[in-house]
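See below for the structure under consideration.
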Amino acid sequence: MATTRYRRFLKLCEEWPRDEGKKARDLGTFLRQRVASAFREGENTQISDPEKCDQMYESLARINSNYYRQRFPRVRDTSFTGVTVEECKLLLSGNLHQMDEEKKGLWKKLLERFSKSPEEVPEKAPEK
């Protein structure tokens with residue numbers, strides 16, 4: 001049975017997309033590393049908890065097949081901030097310098113506001 005489980009995980013790793021923009025934070029890369037460490041001996045690996053292994057595979061397979069996206073469709077592909085999926089991917093990739101100046105708007109202001117130390121922030125004049 002370990003042979004079948006190993007081959008199923010290998011097939012899942014082949015199908016799982018990689019996002020080169022995320023570098024060390026990519027789920028596909030992490031999954032490949034975990035499968036390699038869990039099945040060190042390949043098809044000859046002895047699995048201590050086969051039920052947990054099968055459950056983990058089924059969960060990952062559902063995520064990979066977009067089961068939950070199809071079951072619970074979203075009305076819009078934006079968040080409460082109004083940021084599109086492409087802009088969100090760009091923000092998460094860590095390549096903020098690639099965004100155009102007009103697209104930075106709110107995000108640039110928020111990043112600048114929260115990256116400054118308290119002594120750099122100008123105080124407001126008292127209201128009269």
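Throughout, numbering of the chain's residues begins at 1 and tracks the sequence. Side-chain atoms are counted along with the backbone in the values below, which use heavy atoms only and exclude waters and symmetry mates.
- A 4.5 Å side-chain heavy-atom check between Arg18 and Arg32 finds at least one atom pair inside the cut-off.
- Closest non-hydrogen pair, Leu31 versus Cys13, comes out as CG-SG, 4.2 Å.
- The structure places CG of Leu12 at 12.0 Å from CE of Met56, a figure rounded to the nearest 0.5 Å.
- One distance of note links CD of Glu58 with CG of Leu60; it measures 9.5 Å at 0.5 Å rounding.
- Between Gln70 and Ser65, the shortest heavy-atom distance links the atoms NE2-O, 3.9 Å.
- Without hydrogens or angle criteria, Arg40 side chain to Ala36 main chain gives no donor-acceptor distance under 3.5 Å.
- Interatomic distance, Leu27 CG to Arg34 CZ, rounded to the nearest 0.5 Å: 11.5 Å.
- For Tyr57, the ring pair (Phe, Tyr, Trp, His ring centres under 6.0 Å) partners are Phe9, not counting sequence neighbours.
- Residues Pro17 and Asn64 share a closest heavy-atom pair of CD-OD1, 3.8 Å.
- Of all the heavy atoms in Cys53 and Phe39, the pair that sits closest is SG-CZ, 4.3 Å.
- Side-chain atoms of Arg8 never come within 3.5 Å of backbone atoms of Thr3 as a donor-acceptor pair (strictly under, hydrogens ignored).
- Taking 4.5 Å as the limit, some side-chain heavy atom of Arg7 sits within range of a side-chain heavy atom of Glu43.
- Using a 4.5 Å cut-off between side-chain heavy atoms of Ile, Leu, Val, Met, Phe, Trp and Tyr, with links allowed through other members, Tyr67 and Trp16 fall into different hydrophobic clusters.
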